[in-house]
Each structure stands twice: as C-alpha cells, then as structure tokens.
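Beneath this line is the structure, given in structure tokens, with notes to follow.
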Amino acid sequence: MSSVITRFAPSPSGFLHIGSVRTALINYLFVKKSKKEFKDSKFLLRIEDTDKERSENKYFESIINGLKWLNINWEEEIYIQSKNINLHKNIAEDLLNNKKAFKCICTKEQLDKKREKYVKERKNIKRLCTTCENNIDIQSLKKDYCVRMSIPNNGSIVIDDLVQGKVEVLNSEIDNFIILRRDSTPTYMLSVVVDDNKMGITHIIRGDDHLNNAFKQFHIYNSLNWKIPKFVHIPLMHGNDGSKLSKRHGSMDIIEFKNNGYLANSIVNYLLTLGIYSSKNEIFSIDSIIKDFELSKINKSPSKFDYEKLNFINLNYIKNLNNNDIINLFKNDYNFDATNFDTNLITKALDILKNRSNTLLNLKDNILPFLIAKNLKRNKNDVSEESIILLKKYKDIIDKENEWEKEKIERITKEFTNNENIKFNEIGEPIRLILTGKSKGIPISDILIILGKKETLERINNFFI
Ligand code: GLU
C-alpha cells in the first residue's frame with residue numbers, strides 16, 4: 001500500500017441526501033485510515049457542475065453545508081469541474097488526433113430510429129453510429145460534429161472492483177459514447193476521467209449506478225495511456241421496503257435531519273452500521289472502528305434506510321449529551337433559548353427527558369410544556385366534575401408524601417387508582433393537563449419528579465383558584 005487520494009464528486013443538480021452522504025463517508029473513512037500510515041493521503045471534493053441547466057446554487061450549498069455539519073471534512077480547495085472545461089476539450093482533441101475518437105454527424109432522429117428498430121427486433125445493439133468513423137469526408141469536417149470514442153469490436157474489459165469483485169464486459173457491448181457534444185462541450189464521461197487523472201485520484205469510490213460508466217471510462221484511460229485508478233462501486237441505499245430511496249425514506253436534503261432533531265454523530269454512526277461496518281454493539285464512532293474498516297468488507301447488497309434504527313441510535317447520543325450541550329444546540333439550531341427559564345427545572349427536566357427522546361425536537365417538545373405551563377391559566381371546563389373531585393383527593397395524598405421519589409410516587413398513584421377503583425388515565429390525563437398543559441405523553445411520576453413537590457402543588461393549587 002501507499003498513500004491514497006479519493007474524491008467525492010457530486011453534481012449540484014439535487015440536494016445532498018443520505019445515500020450520497022454514505023458514499024462521501026466511505027471515501028472519507030478510507031482516507032482517514034490510510035492517513036495513519038501515509039500522512040499525505042487526501043480526501044478531495046469535486047463539484048461536477050458542467051450541466052449548467054440542472055446545476056443550482058442551492059444544491060451546491062446543500063452539499064457544502066451537509067458535509068460540514070457531519071464533519072466529513074475534505075482537503076484543499078473545492079475543485080469546480082466547469083473551471084477545467086478547456087482541458088477536457090483539449091484532451092478530446094488529442095483523442096481525435098490519435099484516432100482514439102472520431103467525428104460523428106448522426107442526428108438524434110436517425111439514432112432514435114435505429115434504436116427503435118433494434119428494440120423491435122429484440123437486438124441488444126448499443127452502437128448506433130456505425131458509418132461516420134470510416135467516412136473520410138466526415139472525419140475532415142471543421143465544424144458541426146460531435147466526438148465519439150472509438151471502441152474496438154473485439155475483446156473485453158475486466159474490472160477488478162474492490163467491492164464488486166471481477167466484472168467482465170465485452171467491448172462489443174460498449175457504446176461508442178460521445179465525449180464532446182456538437183456545441184463542443186465535454187460530456188460527463190470525459191470530464192470525470194480527465195479530472196480524476198489531474199487530481200491524482202487513486203481510488204474511485206462511488207455508487208454502483210456508475211459501474212457501467214467505469215467500462216467506458218476504462219477505454220478513455222487506456223487510450224490516453226493514463227494509469228487506471230482502483231474502482232470501488234458501493235451498493236446504493238434503498239428505502240426500508242427495498243424500493244428506490246424516496247423523500248419519505250430520507251432522500252431529502254440531509255440538513256433536514258438536523259432540522260428534525262438528529263445529531264451529526266448519530267447520522268454518521270447510523271450510516272456506518274449500514275453495510276459499512278458490522279458489530280454487535282451498534283453504537284460506535286468513526287475513530288473507534290477505523291482500524292477495522294476495509295473496503296473489501298463493505299456489504300455487496302443494497303442497504304436499507306430505516307428510521308427505527310436511526311431513532312434508536314439518535315436516542316443513545318442524546319442520552320449522553322450533557323445538559324449544557326443540549327441547551328446550546330437548542331439555542332443555535334432550534335431557535336429555543338432555554339436559559340430564559342428556571343435553571344433548576346431545566347436541569348431536572350433534561351436529566352429525565354433526554355433518556356426518552358428520539359430527537360432533539362422531541363426533547364424540546366417534551367420540555368416546553370413544563371416550562372411554559374407554570375403560569376398557564378386553564379379553563380376549568382377542560383376537566384370534568386369527576387376529575388376535579390379525583391384531583392383534589394390525589395392532591396391531598398401527595399401533599400402528605402415526604403419521600404418525593406419516582407418509585408414512591410408510582411406506588412401511591414397505583415394505590416390511589418386501586419382505592420378509587422378507576423383506570424390510570426382517569427387521574428393521569430387531568431393531572432398531566434394541569435401540570436404541563438398536555439393530557440398525553442410523559443409518565444406522571446416523571447412529571448412530578450421534574451417539578452418537585454412544591455412546584456407540583458403550586459400548579460395544582462393554581463388550577464383551583
Ligand atoms: N457526478 C456524479 C454523480 O453525482 C458522480 C460521478 C462519479 O463519482 O464518478 O452521480
């Protein structure tokens with residue numbers, strides 16, 4: 001082994017979603033591991049913005065903000081593909097001059113017609129232009145042509161992919177694809193190869209939707225006598241039901257996870273559990289697994305996005321945050337300044353509620369009622385006559401209680417419901433409502449512990465005023 005250089009090369013034609021983050025993470029991880037031995041290993045970021053019609057600044061920002069949020073840190077300046085377009089064109093010229101590529105004047109209509117004919121005849125023929133390459137007149141044209149790669153008819157290509165293993169494709173099955181369009185702009189297929197070569201990329205780690213492209217790109221490398229990087233095509237991520245990743249499954253902007261109360265470390269940890277690293281214990285950091293990480297151990301089957309597991313992991317990370325970190329996150333990211341409220345109450349509420357909140361938003365929603373319900377005047381009609389009688393009795397009982405502990409409160413509440421011959425909710429709902437303003441949610445014993453005896457009685461008394 002020697003030092004390695006990888007790149008994450010998204011097109012800014014869509015938001016950075018969790019599937020692409022997984023690709024970026026594997027690139028980053030591979031380099032991070034290599035750096036232990038080879039300090040000059042590098043993880044680079046290239047924005048593939050040559051498709052000007054589909055590229056948008058908001059997507060560019062989504063990529064940058066998402067990677068920064070997750071601490072998937074790239075090195076060097078961001079490489080902007082469109083700035084390098086002249087080099088791509090020059091390389092296409094070289095390929096033309098060396099007869100590794102040829103000029104083509106076929107129109108879209110002509111090619112579509114041929115394609116339709118082959119489909120009808122059930123022929124799997126990829127090469128649609130068969131005449132231009134050997135036509136001297138066309139090859140002497142000065143304008144109005146596109147440039148296609150010249151691919152031999154015989155032989156095959158074998159790619160030894162570090163995840164997929166050896167994959168062989170016959171040359172006859174490879175299209176003589178376009179590298180320079182009629183308007184002389186380079187295509188993705190060419191630009192990727194030229195840039196990867198220029199950036200010294202040693203390992204191309206990307207989604208396996210690009211595996212077919214690798215064979216075409218292989219031909220470009222070969223024709224230019226360039227060293228071919230190692231290919232690593234990782235299986236894509238699917239929705240929980242096995243379908244393509246959709247918005248519902250999390251194909252939205254990765255920053256939405258932050259907005260919905262997920263922590264960056266939870267997202268990274270969760271992604272690591274998806275076919276990248278397997279262990280009995282599902283909670284681990286990048287640093288703790290780095291020495292065991294191997295590209296060859298990446299799962300060959302698609303991974304599935306699953307909120308349940310993500311929530312489980314997020315809960316674990318929230319549990320282990322200290323209260324100050326939570327208060328800072330609330331303030332910086334969730335527009336909620338908890339320091340405006342009683343510090344004691346906040347601390348007690350966080351100590352208890354952080355153990356049962358899947359997301360920071362959920363934690364905020366659980367805490368807010370405690371904080372804002374203090375002086376809330378409630379409408380007596382919210383609570384039935386029977387409940388008011390029960391509440392008064394319950395108040396008298398807890399008033400006498402000096403050991404204000406969870407188990408004790410649970411016990412006396414249970415005794416109360418037994419003695420009164422009522423269902424738990426008959427006292428649970430009204431007590432919750434008058435203490436926190438919400439009739440459902442947190443267990444009564446937790447509410448009473450968070451509020452403390454004095455505050456609990458004050459809030460109950462307030463209700464009866
Ligand atoms: N720009 C391509 C994409 O966003 C990736 C190209 C590559 O990694 O080679 O799918």
Side-chain angles (χ1 to χ4, degrees), residues 4 6-7 9 23 26 88 91-92 94-104 106 111-112 114-135 139 146-181 186-198 200-236 295-302:
V4 300
T6 71
R7 59 24 172 216
T23 306
I26 295 175
H88 307 162
I91 298 292
D94 287 350
L95 287 164
L96 255 183
N97 292 339
N98 294 328
K99 304 252 179 312
K100 304 289 184 190
F102 63 91
K103 299 173 185 172
C104 162
C106 296
L111 299 178
D112 283 348
K114 271 197 186 173
R115 193 175 294 114
E116 271 168 37
K117 182 172 168 279
Y118 292 148
V119 170
K120 251 190 213 148
E121 292 169 359
R122 294 174 186 266
K123 286 186 182 151
N124 181 19
I125 298 180
K126 297 270 167 47
R127 283 185 214 177
L128 300 175
C129 165
T130 46
T131 44
C132 297
E133 186 166 6
N134 298 321
N135 182 318
Q139 296 315 310
C146 73
V147 179
R148 289 180 181 274
M149 268 312 274
S150 172
I151 311 284
N153 260 319
N154 307 321
S156 65
I157 287 180
V158 179
I159 286 184
D160 198 359
D161 189 285
L162 295 189
V163 167
Q164 309 284 336
K166 280 201 166 86
V167 192
E168 180 168 10
V169 167
L170 295 174
N171 281 332
S172 57
E173 286 177 3
I174 301 174
D175 173 21
N176 40 19
F177 54 96
I178 298 177
I179 55 173
L180 213 57
R181 299 184 191 90
T187 59
Y188 154 77
M189 212 59 80
L190 175 69
S191 299
V192 159
V193 174
V194 177
D195 286 350
D196 282 338
N197 180 264
K198 185 171 180 219
I201 303 301
T202 59
H203 292 71
I204 295 180
I205 306 173
R206 60 187 173 189
D208 63 6
D209 51 335
H210 285 287
L211 183 59
N212 282 338
N213 294 337
F215 294 93
K216 296 181 178 176
Q217 290 161 1
F218 196 102
H219 274 291
I220 304 181
Y221 281 103
N222 258 351
S223 304
L224 291 160
N225 281 326
W226 286 349
K227 186 168 189 296
I228 300 172
K230 292 256 180 283
F231 286 106
V232 188
H233 288 95
I234 52 174
L236 293 184
L295 287 174
S296 58
K297 287 191 198 154
I298 291 176
N299 207 326
K300 277 200 188 109
S301 43

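Values below: every heavy atom of this structure, side chains too, minus hydrogens, waters and symmetry copies. This is a predicted model, so every value here is computed, not measured.
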Requested in this report: Kindly determine whether I157 and N171 satisfy side chain to side chain contact (heavy atoms under 4.5 Å, CB included), including the steps that lead there.
Outcome: CA-CA 7 Å; I157 287 180; N171 281 332; 3.6 Å; yes

Query raised in the report: Taking it one step at a time, do I178 and R148 satisfy side chain to side chain contact (heavy atoms under 4.5 Å, CB included)?
Result: CA-CA 4 Å; I178 298 177; R148 289 180 181 274; 3.8 Å; yes

Requested in this report: List the steps and the verdict of side chain to side chain contact (heavy atoms under 4.5 Å, CB included) for V147 and L95.
Outcome: CA-CA 9 Å; V147 179; L95 287 164; over 6 Å; no

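The only option from I159, N213, V169 that meets the side-chain contact (heavy atoms from CB on, under 4.5 Å) definition with F218 turns out to be I159. Screening V194, V193, V192 for a side-chain contact (heavy atoms from CB on, under 4.5 Å) with L190, the sole residue that qualifies is V194. Of the candidates E133, K99, H219, S150 forms a side-chain hydrogen bond (donor to acceptor under 3.5 Å, both in side chains) with just one, namely E133.
Counting only distance, with no hydrogens or angles, the side chain of D161 and the backbone of H233 share a donor-acceptor pair below 3.5 Å. Panel note: side chain N135, backbone T131; no donor-acceptor pair is recorded below 3.5 Å. Remark: side-chain polar atoms of Q164 are not paired, donor with acceptor, to backbone N or O of K300 under 3.5 angstrom.
Nearest heavy-atom pair, Y118 versus R127, reported as atom, atom and distance to 0.1 Å: CE1-O, 4.4 Å. What you find for N299 and P235 is that their closest heavy atoms are O-CG, 3.1 Å. The shortest heavy-atom contact between K103 and C132 is O-CB, 3.4 Å. Pairing each heavy atom of Y221 with each of I204, the nearest pair is OH-CD1, 3.8 Å.
Going from atom CD of Q217 over to atom CG of N212 covers 10.5 Å, rounded to the nearest 0.5 Å. Note that CG of N124 and OG of S172 are 9.0 Å apart. Values are rounded to the nearest 0.5 Å. One finds the CG atom of L211 at 12.5 Å from the CD1 atom of I234 (value rounded to the nearest 0.5 Å). Put simply, CG on L96 and CD1 on I91 are 12.0 Å apart, with the number rounded to the nearest 0.5 Å. Considering NZ of K126 and CG of L170, their distance stands at 10.5 Å, rounded to 0.5 Å. Residue N197 holds its CG atom at 4.5 Å from CH2 of W226, rounded to the nearest 0.5 Å.
Applying the ring pair (Phe, Tyr, Trp, His ring centres under 6.0 Å) criterion to H88, with sequence neighbours excluded, gives no partner residue. Applying the ring pair (Phe, Tyr, Trp, His ring centres under 6.0 Å) rule to Y188 yields the partners H210; only residues at least two apart in sequence or on another chain are considered. For the side-chain contact (heavy atoms from CB on, under 4.5 Å) test, residues two or more places apart in sequence or in another chain that qualify with V158 are K166, E168.
The shortest distance between side-chain heavy atoms of D175 and L128 does not fall below 4.5 Å. Contact check for N176 versus F102: side-chain heavy atoms found under the 4.5 Å cut-off.
Around atom NZ of K114, more than 12 heavy atoms belonging to other residues, nucleotides or ligands sit under 6.0 Å away.
At a threshold of 4.0 Å, the pair D195-K198 does not count as salt-bridged, since none of the basic side-chain nitrogens sits closer than that to a carboxylate oxygen.
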